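Order of the sequence lines fixes the chain letters, A, B, ..., with proteins taken first and strands second; residue numbering starts at 1 for each chain. Keep in mind the model is a prediction, meaning the values are calculated, not measured. Below, each value reflects all heavy atoms present in this structure, side chains not excepted, and no hydrogens, waters or symmetry copies.
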There are 2 protein chains.
Amino acid sequence: MTTSTIKVLLAEDQSMVREALAALLGLEPDIEVVAQVARGDEVLGAVRAHAPDVALLDIEMPGATGLEAAAELAVEFPALKVVILTTFGRPGYLRRAMESGASAFLVKDAPASQLAEAVRKVLAGEKVIDPALAAAALSEGADPLTDRERDVLREAADGATNAELAARLHLSQGTVRNYLSTAIQKLAARNRAEAVRIARDKGWL
Amino acid sequence: MTTSTIKVLLAEDQSMVREALAALLGLEPDIEVVAQVARGDEVLGAVRAHAPDVALLDIEMPGATGLEAAAELAVEFPALKVVILTTFGRPGYLRRAMESGASAFLVKDAPASQLAEAVRKVLAGEKVIDPALAAAALSEGADPLTDRERDVLREAADGATNAELAARLHLSQGTVRNYLSTAIQKLAARNRAEAVRIARDKGWL
DNA sequence: ACCCTCGTATGACACCTGTCATGCCGGACC
DNA sequence: GGTCCGGCATGACAGGTGTCATACGAGGGT
């Protein structure tokens with residue numbers, strides 16, 4: 001191993017995908033996968049233990065999301081480059097990734113060749129973002145929801161009734177309805193279910 | 001290439017995952033990925049063109065699902081072995097996979113080593129199914145929904161209103177409500193949103 | 001022939017949901 | 001210190017939703 005070998009940490013919850021990506025990166029002579037984790041809350045410890053140059057993070061993971069992990073890493077390891085790799089090219093995800101200090105944002109239906117390329121580019125100080133996605137993220141503005149509105153919407157996603165939402169969130173039923181009502185209007189939806197779908201699509205949930 | 005090399009077709013819509021899986025399988029000396037497709041409706045043509053021994057199919061794909069593709073393949077290529085590879089270990093998926101003549105059902109969070117192993121096993125005539133998943137599929141019985149109930153539920157999933165559902169399905173509003181009502185009761189849900197969630201979780205949608 | 005299920009439909013009723021007006025409190029920002 | 005916003009609450013109203021009884025025709029099974 002020469003000093004020019006790039007050390008990569010891979011965080012992805014689906015073993016088969018994670019190991020397959022590791023196999024893919026293993027084909028690159030200048031890249032070495034030094035650690036693999038399956039949970040968001042194991043990222044920080046693994047970085048401390050293995051000191052990688054680049055962290056490749058999936059978003060949807062148990063324990064903590066890749067976005068949350070990225071935010072933690074930015075504090076303790078400002079020199080570490082973070083690549084977010086996700087199934088869903090949701091504008092809100094991209095926005096949060098950039099705010100968390102990520103250097104690259106890749107969607108899993110991009111060609112595989114872009115993965116190793118992105119790793120090299122971020123180490124060279126470049127940012128890697130799909131231009132179309134960047135445009136979408138910029139054009140649609142920020143999340144208009146307040147924290148409580150988002151909470152209520154998230155809880156409502158599984159089909160809970162107002163009474164249940166009120167109980168879960170320790171609120172009155174009327175308050176729950178008010179939050180839902182404002183959220184529905186902000187998202188230009190026609191009912192809670194549509195509001196949930198819209199918020200999820202945009203990556204705000 | 002000797003006659004003992006196993007020819008595999010890979011169908012998976014996310015390029016990065018697909019090529020990563022190909023890289024993984026490529027590490028096996030006795031396995032060769034002879035074709036890759038990104039859509040369910042391209043599977044049949046690719047099998048005709050490349051005559052693989054095993055087809056590795058994702059379920060969620062544009063064009064047609066892997067389950068639909070498997071059913072088609074069973075008719076035209078009864079000797080071809082089908083391995084279903086999916087993110088979601090939903091009992092209904094497993095059931096439909098088996099009914100479509102698949103020989104293996106793998107979830108993506110199983111260890112990567114099981115992939116090549118499954119390919120070899122199905123060629124040897126074995127079936128590969130996670131025992132826990134099989135138990136779940138058997139214990140919870142079959143889909144209780146009628147075709148129309150399923151249709152209505154599927155359309156209702158994005159938050160459409162009764163009037164919209166009626167228009168989309170060319171039904172009266174009352175009929176839509178009847179279907180939803182019976183579906184809600186069959187699934188022991190308390191409203192349409194919960195019914196959608198339950199049906200989706202079980203792989204019935 | 002008879003029965004059952006499914007698809008389709010209507011009308012009535014109770015309940016849930018979404019909207020709006022209004023109010024209070026605390027913190028943030030001039 | 002006043003104004004604005006967010007969190008929280010109530011009450012009233014309209015409209016959407018879920019349930020039920022009921023009906024009829026087509027098709028499958030005994």
Side-chain angles (χ1 to χ4, degrees), chain A residues 92 95-96 99 140-205, chain B residues 92 95-96 99 140-205:
Chain A
R95 180 182 294 263
R96 277 190 278 161
E99 285 167 1
E140 90 177 327
D143 182 351
L145 302 174
T146 67
D147 287 346
R148 292 308 258 163
E149 285 161 2
R150 208 174 303 111
D151 286 347
V152 175
L153 218 49
R154 200 178 296 122
E155 292 295 325
D158 66 354
T161 181
N162 278 335
E164 268 186 359
L165 296 179
R168 285 192 211 166
L169 298 164
H170 309 293
L171 291 175
S172 85
Q173 251 186 81
T175 305
V176 167
R177 291 202 281 162
N178 286 339
Y179 286 151
L180 281 172
S181 183
T182 56
I184 288 165
Q185 285 177 281
K186 284 179 178 176
L187 300 176
R190 284 195 314 311
N191 52 52
R192 63 183 66 193
E194 201 181 5
V196 166
R197 185 179 56 78
I198 293 172
R200 197 175 263 155
D201 278 359
K202 304 218 175 188
W204 293 337
L205 224 58
Chain B
R95 181 181 293 264
R96 278 191 276 162
E99 284 168 1
E140 91 179 327
D143 182 352
L145 301 174
T146 68
D147 287 347
R148 292 306 258 163
E149 286 161 0
R150 209 176 301 112
D151 286 348
V152 175
L153 218 49
R154 200 179 294 122
E155 292 295 325
D158 66 353
T161 180
N162 278 336
E164 268 185 1
L165 297 178
R168 285 192 211 165
L169 298 165
H170 309 295
L171 291 175
S172 86
Q173 251 186 82
T175 304
V176 167
R177 290 203 280 161
N178 286 341
Y179 287 153
L180 281 172
S181 183
T182 56
I184 287 166
Q185 286 177 276
K186 284 178 178 177
L187 300 176
R190 283 195 316 309
N191 53 52
R192 62 183 68 194
E194 201 182 4
V196 166
R197 184 179 56 77
I198 293 171
R200 197 174 263 155
D201 278 359
K202 304 219 173 185
W204 293 337
L205 223 60

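- Separating the NE2 atom of His170(B) from the C1' atom of dA9(C) is a distance of 17 Å, rounded to the nearest angstrom.
- In this structure, Arg148(B) and Asp151(B) have side chains that are in contact, with non-hydrogen atoms separated by less than 4.5 Å.
- Atom-to-atom, CZ of Arg192(B) to C1' of dG18(D) comes out at 9 Å; the value is rounded to the nearest Å.
- Within residues 144-163 of chain A, the residues having any heavy atom under 4.0 Å from DNA chain C are, by residue number, Thr161(A), Asn162(A).
- Contact check of residues 171-188 of chain B against DNA chain C (heavy atom, cut-off under 4.0 Å) returns Leu171(B), Ser172(B), Gly174(B), Thr175(B), Arg177(B), Asn178(B), Tyr179(B).
- Asn162(A) has its side chain within reach of Arg192(A): a pair of non-hydrogen atoms, C-beta onward, lies under 4.5 Å apart.
- Annotation: side chain of Leu171(A) is in contact with side chain of Tyr179(A) (closest heavy-atom distance under 4.5 Å).
- Taking 4.0 Å as the cut-off between side-chain N and carboxylate O, Arg96(B) and Glu99(B) do not count as a salt-bridged pair.
- A salt bridge is absent between Arg95(A) and Asp143(A): the closest approach of a Lys/Arg side-chain nitrogen to an acidic carboxylate oxygen does not fall below 4.0 angstrom.
- Using a 4.5 Å heavy-atom threshold, the side chains of Thr175(B) and Leu169(B) count as separate.
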Could you go step by step and tell me if Thr146(A) and Thr182(A) meet the side-chain contact (heavy atoms from CB on, under 4.5 Å) rule?
CA-CA 10 Å; Thr146(A) 67; Thr182(A) 56; over 6 Å; no
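- Here Arg190(A) lies out of heavy-atom contact (under 4.0 Å) with every strand.
- For Glu194(B) and dG18(D), the CD to P distance is 11 Å, given to the nearest whole Å.
- With hydrogens and angles disregarded, a donor-acceptor distance shorter than 3.5 Å links the side chain of Glu194(B) to the backbone of Arg190(B).
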